S.K.: 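Questions regarding the structure given below will be posed in turn.
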There are 2 protein chains.
Amino acid sequence: MDLNHRKLRILRAIVDEYILSGAPVGSKVLSQNPSFKLSSATIRNEMADLEDLGYLEQPHTSAGRVPSDKAYRLYVNNMMQRSNLTEDEIKVMSAYCQSRVKGLDAVMRETASVLSRITHYTALVMMPESTTNRLRHLQLVPLAEGYALVVVVTDAGVARDSVIRVPAEMGADELDRLSRLISQRYYNCRMIEVGDRMMKELGGELQDRGTFLTDLVETMETAPGANAHRIALSGANNMLDFPAYSDIDRARQLLAAVEKKDSMYQMLKNAGPFEISFRIGSELGQDIFSDCSLVTASYRIGSIPVGTMGVIGPTRMPYGKVVSVLDYMSKSLGSILTNLLEED
Amino acid sequence: MDLNHRKLRILRAIVDEYILSGAPVGSKVLSQNPSFKLSSATIRNEMADLEDLGYLEQPHTSAGRVPSDKAYRLYVNNMMQRSNLTEDEIKVMSAYCQSRVKGLDAVMRETASVLSRITHYTALVMMPESTTNRLRHLQLVPLAEGYALVVVVTDAGVARDSVIRVPAEMGADELDRLSRLISQRYYNCRMIEVGDRMMKELGGELQDRGTFLTDLVETMETAPGANAHRIALSGANNMLDFPAYSDIDRARQLLAAVEKKDSMYQMLKNAGPFEISFRIGSELGQDIFSDCSLVTASYRIGSIPVGTMGVIGPTRMPYGKVVSVLDYMSKSLGSILTNLLEED
DNA sequence: ATTAGCACTCATGGGAATGGAGTGCTAAAG
DNA sequence: CTTTAGCACTCCATTCCCATGAGTGCTAAT
């Protein structure tokens, strides 16, 4: 008993049908599909086999069959085909592409928003980060006495701000001089190297400034990609749309999980820099997401993958459609960023 | 038939009880309260009166009474008293106060997070904004040819970044020169004036740069408070905790409404710069929030109100507790910001 | 003015009955 | 050996009914 051609065809039909209807599919509806010239009894036998093989599950004795995670995995690997986008969808997405000239933050939020609106699922977009990030500019802006705002700009086109203490005797002039010095000397250096070099090369000059230099370096390093670990999220409430979460308690847990941006970030990160990748149900390794799948696509600046975007939906999502949308959006975002940030 | 002393006492007891239990309160439980030396029948009569006056409502004939919005309004105006904070709550809040030295963004998010964790409701915190915001620093960082990142820093301690086009012939040097010029010349100018002055004073020098100057000014002005219209939000999923939203459909609508940050911003804004203000149920003017109240508190930098924070919860929230928490948090945030940003 | 008493209303929750979808098995047909 | 028709069986979902109980409004007595 193995997966012969007929079993594959039946399995595929079941997955397609279940994705469409959301209800367990029985042998009868399949036998009515004119492309099968089989009776419901035959199909029942095959379905029993498929269940033994772990591809199908039965919610209860007298219900139809539901695909297992294993079945979805097989489906996305071998059976799925991308579906075409509708005109409406293309319209929304290309409108989004035109609306440039904004901060990176806004672009990311907008991307997530479009993704979730089109798919009706929850969208996650990781801020671009790369180990090859380079320094563009550093500015220390004096605030109250003893405090300064550190603004770091990298070639990822993002300003990140945080506040550090500075020795009281350092005035605006000196902070400005220092900003200029660092900006010039380390222009275009990789962020991962800047810290070390600063410690070595500026340590002498600043040795009587207490912990100022170490603080500054630490601040710069905790923002290695200038946006490390940040994600944009949109459409979390769409989760409530699908029936698996009609139980209010589970819904709450789910939303709470989604609100933890750290762990969402990890999920995206774990997906790796692949063009398209799938995590199905149990593969996500989190109980609360056992009925969900995460489909991700990485986006590139030039040819270097710098981030990942993804969609979380029910395991029975229309993968073909979602893949098409992600493909389109990741390329759009990539080209927007590339245009904006590429070395001249 | 007017609101004599006894009616007020009864009404107050009903509100207190209902806030505690969440179930319609009947005449019997009140008559068992030893502080009333009245039979349930007497109380029933009074309750009927209170219903006629619009302070109570009956979900159905044989249920107890539930306070109306009008009753809550009376309650918060005249009857409510602040409740003391528990040691745990104070511990959480003071821990939060100690964790300084972060970007403003992080402080705001943290504030919202603490608020929602303590109250178990949804917390909103408006970014500080003020018509008296002053420019600290402007930096134009060259990106790809023809693009530059604009970083605006105001005395609200925030960097805001967005991208604009620049004439191709303007090199890094010139952008830097211009940044320095603007930063110096307009240092400490009110943001609302900077735009006009720049147009007048720099128009000549930059007249052959196409729309560059207008673009720059517009960018700076759309960030008048450097953070205009931005809010931090936390604990939206707490909404699902309360029974009024156990209906999954309503829950979805609610979450969708909360996710619209614009309208949430407006709600905060409408509350005005009062120390504490309440919006109860229908007073919020949005159907979906008809079972919710918004309690807000403004926070100050020095003595100037620059923003508002608030908590959205069910109309039957423990107002006394929420007011205490908001009071504490708004003062904490105010002092954190004041320390950080006050003129030296 | 207050209260005891009583009839009445209505939401709630627990069976019991019903209908229907879908299965597994068996035996017959191809 | 494979396929199919037929049938008994299982289990869920829906509906209906009824008992229960909380709470009310009204009336008459205190």
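The analysis underlying the following values was restricted to heavy atoms, covering all of them including side chains, and did not include hydrogens, waters or symmetry mates. Quick caveat, the model's predicted, so the values are computed rather than measured. Naming convention: chains lettered A, B, ... in sequence-line order (proteins, then strands); numbering from 1 in each chain.
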S.K.: Check ring pair (Phe, Tyr, Trp, His ring centres under 6.0 Å) between Phe289(B) and all other residues, then give those that pass, not counting sequence neighbours.
M.R.: none

S.K.: To the nearest Å, give me how far apart CZ (Arg6(A)) and P (dT4(D)) are.
M.R.: 8 Å

S.K.: Let me know the distance between CD of Glu46(A) and C1' of dC1(D), rounded to the nearest Å.
M.R.: 14 Å

S.K.: Could you state the interatomic distance from CG (Leu11(B)) to CZ (Arg65(B)), rounded to the nearest 0.5 Å?
M.R.: 12.0 Å

S.K.: Applying salt bridge (charged side-chain N to carboxylate O under 4.0 Å, His left out), can you list everything that pairs with Arg44(B), at least two apart in sequence or on another chain?
M.R.: none

S.K.: Closer than 4.0 Å, any side-chain N/O of Ser39(B) to the OP1 or OP2 of dT2(C)?
M.R.: no

S.K.: How long is the line joining CD1 of Ile10(B) and P of dT2(C), in whole Å?
M.R.: 10 Å

S.K.: Side-chain polar contacts of residues 233-240 of chain B - donor-acceptor pairs under 3.5 angstrom, sequence neighbours left out - could you list them?
M.R.:
{"unit_1": "Ser234(B)", "atom_1": "OG", "unit_2": "Ser116(B)", "atom_2": "OG", "d": "2.9"}
{"unit_1": "Asn238(B)", "atom_1": "ND2", "unit_2": "Tyr121(B)", "atom_2": "O", "d": "3.0"}

S.K.: Without decimals, in angstroms, what is the distance between Leu56(B) CG and dG23(D) C1'?
M.R.: 14 Å

S.K.: Checking Lys269(A) now: which residues fulfil side-chain hydrogen bond (donor to acceptor under 3.5 Å, both in side chains) with it, not counting sequence neighbours?
M.R.: Glu129(A)

S.K.: I'd like to check the salt bridge (charged side-chain N to carboxylate O under 4.0 Å, His left out) partners of Arg12(B); sequence neighbours left out, ordered by chain and number.
M.R.: Asp16(B)

S.K.: Return a single string for nucleotides 8-27 of chain C, one symbol per nucleotide in 5' to 3' order, where B is base contact, S is sugar-phosphate-only contact and - is none, cutoff 4.0 angstrom on heavy atoms.
M.R.: -BBS---------BSBBB--

S.K.: Quickly work out the Phe36(B) CZ to dT2(C) P distance and round it to whole Å.
M.R.: 13 Å

